[in-house]
Amino acid sequence: MLRRLAATSLAIVFLLAALPARTARRPQYGGTLRLEIGAALASLDPGTSTPTPDQALAKSQIDSLIYESRDADGTFNGDAGSGPFKITSWLPGKQLTLQANEKFRDGRPFVDSIEITMGRSLRDRLLDLELDKSDLTGIPAQEARHVAESGVRVSQSQPDELLALVFLDDRPATGQTRTGEIIGQALSLSIDRLAIVNFLLQKVGEPAGALLPQWSSGTSFLFSTAADVPRAKELWSQITPSSNMVLGYDSADALEQSVAERIVVNAKEAGISMMAVANPANKSPKLDARLVRVPMISPNPANALNQILQNFSSLAGGTLNAAALPESSSPEDIYKRERDVLGSYRIVPLVWLPQVYGLSTRVRNWTAPAPGQTWPLADVWLDTNEKGSDLKD
Amino acid sequence: MAQLADKVAASQSPSTPITLEARNISSISHSDAASILALFQQQLKRHSFRFATASSAKALGQLHLILSESADSYIWVVELPDDSRDENPSAALIVAVPKSRSTDDTPDQSLVLLDEQFIWRQPERFLDFLVQKKPDGTAELLILEKNGIAIHDLADSRSEVSASVRIPITPSPSRDPFAAFNPQDSSVLIGDLRCFDYLDRSQPLHCAKTPDSSIADGAGDTSRSRPSVGAVVSEDCHGKAISLETGDGDWTEPDSVTAYLFKPGPHPHRPENAMHFDGPIISLQAAQDSTAARAVVHNLKTGNYEAYIVTATCSH
């Protein structure tokens, strides 16, 4: 028995010695990760309001770096510095420097520190990446292809943000329920989603016909994304809408604006009168519908659908079936709920967008966060030797 | 397939001849898809469905079988006939089939066959796991986490934690601590701690720092951030031993378990077979019976941590 054990131990030693060396891509400790973001945060205090979605996202990501625990609603809490990093300097709205927490319960992060520069325009962020003055920044999906072609290393998540058109609860032009359904159906059939993906998004993302992406539910292919202008015209001829429809978009969002303008062109081709306006600060003009972006917060299809419907129901009103599905719901139950909700045509899915990041060649162990995950900066390490020729994202 | 055929039988009358068309939009191979279609047809025939030729299809019921997939399972869909002009998607019958890992297509030449059994998944990271039988014959699953061991009763369909054992001392922090169950002496190694008596659920584990802490702690040591991930699972296969090894990527990539045959000494090693996973394998430990290994996989598609038993069988 002892002889057998000895032989096995010896064999393991020989085996490990003879197998290919696997240390080349193992993590290294040290270095400063330089991160640039567009949002400018005035405060890092818990409970600070964040007026824009960009600021809210940035605040949440930074919180995930400095706080250890997370509440059920996704907000981070605990003592500042209990997370993987500690704040060493903070210039509100401009720059935040974080240092690795040597005593972090999951182990010290690989990088020594992170410098986060805030309020940088997209142009400046991309320039800094190209000049190797930055290691990591977020990129709008519609810029991903152009940026990649310019030689910047790009990392892209699964499509996990839905851009949809939502008919508002008090829409003036669509009145009765059945008329509203026909208007929604006609408009949905008039929209050329493939053209939005191919031309406005430069083939990044995918047309959306369902409330969950295909990679998550496996059933989104059952929802058509094809345009059918003759059928849209036929439907539109069945009703007499009371007025010109008004579609709102976020004026700070270049993609929303271009998509809204494209939808108006598509609608007119089907004989549907519609105009696009920036979401008004006051009550005029009154919108019939608006474009909304909703990121998935969970890779679990049922949880993701629950959250997406909650977001939409606050805009589309009580007729939307937003009752929570159990986490363990079957694919068929999830499909039925999607079918039920989309059958009212109060929500018209348009495209699924990925999260896109630009990276310097020395960034290693980066994976674009999955839905509900935060930047994996505690796991990222900086390769000071590699030239990045074999990098994969 | 039987479940899907049952659903079709419950919603469609078998009195009318049907046609069946299949489309594969999943990652399974064409040959596997053809086998699934054949199996489905067989199941439908058991429900007395008759198949018509495609040329006579117009007057008959048309079923469309679509092989799709989500992040963690295959999705088989049957679209039912729908004559309405409604643009709403037609009614569909859907079943989910757990994914099994694919192996390299070289079974005829390979001396080692690999098989895997999915055991568990959870969003929180865990370091190792162990399935063990209880005195009453049922099985329980022990999940080794950073701060303790969570015990799940596998007979309980809710899979909730039935008990837990706390690790009273915090191991030295590491982003990649080595950790493993050792069923032979009921101990666990976690980071620089060795803890005993995990079978005794009445009190926290008895833990002590290991004399050689460099075994388990990668923090601050740039050359040993991740120990070698591999396991020797059998001693005799054509006169050689079988070892299982993970790939050489980092934590951003899909990974695989490759089986090697080896002899002590400077003999060349040839990969015999490989099994692919949707994310990095963060732990691979030889199981107690020495024919299998426990693998913990971080599924990059779902973000979950998953437990598998990978079994290597010598092909004689």
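Just so you know, these numbers use all the heavy atoms, side chains as well, and skip hydrogens, waters and symmetry mates. In what follows, every chain begins at residue 1, and chains take the letters A, B, ... in the order their sequences are listed.
- Surrounding CD of B/Gln184 are at most 12 heavy atoms belonging to other residues, nucleotides or ligands under 6.0 Å away.
- The CG atom of A/Leu222 sits 6.0 Å away from the CD1 atom of B/Ile66 when rounded to the nearest 0.5 Å.
- Considering CD of A/Gln214 and CD1 of B/Ile25, their distance stands at 4.5 Å, rounded to 0.5 Å.
- When heavy atoms are compared at a cutoff of 4.5 Å, A/Ala210 does not approach chain B at all.
- The two residues A/Glu332 and B/Ile94 have their closest heavy-atom pair at OE1-N, 2.6 Å.
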Where do A/Tyr335 and B/Val77 land on the side chain to side chain contact (heavy atoms under 4.5 Å, CB included) test, with the steps shown first? CA-CA 11 Å; A/Tyr335 166 72; B/Val77 178; over 6 Å; no
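- For the atom pair B/Asp72 CG and A/Ser216 OG, the distance stands at 8.5 Å (nearest 0.5 Å).
- Proximity to chain B is absent for every atom of A/Ser330, based on heavy atoms less than 4.5 angstrom apart.
- Ranked by heavy-atom pairs under 4.5 Å with chain B, the list A/Ala370, A/Pro331, A/Pro301, A/Pro369 is led by A/Pro331.
- Contacts between A/Asp379 and chain B at a heavy-atom distance below 4.5 Å involve backbone atoms as well as side-chain atoms.
- A donor-acceptor contact shorter than 3.5 Å is absent between the side chain of B/Ser68 and the backbone of A/Thr219.
- Closest heavy-atom contact between B/Lys301 and A/Trp215: O-CZ3, 3.9 Å.
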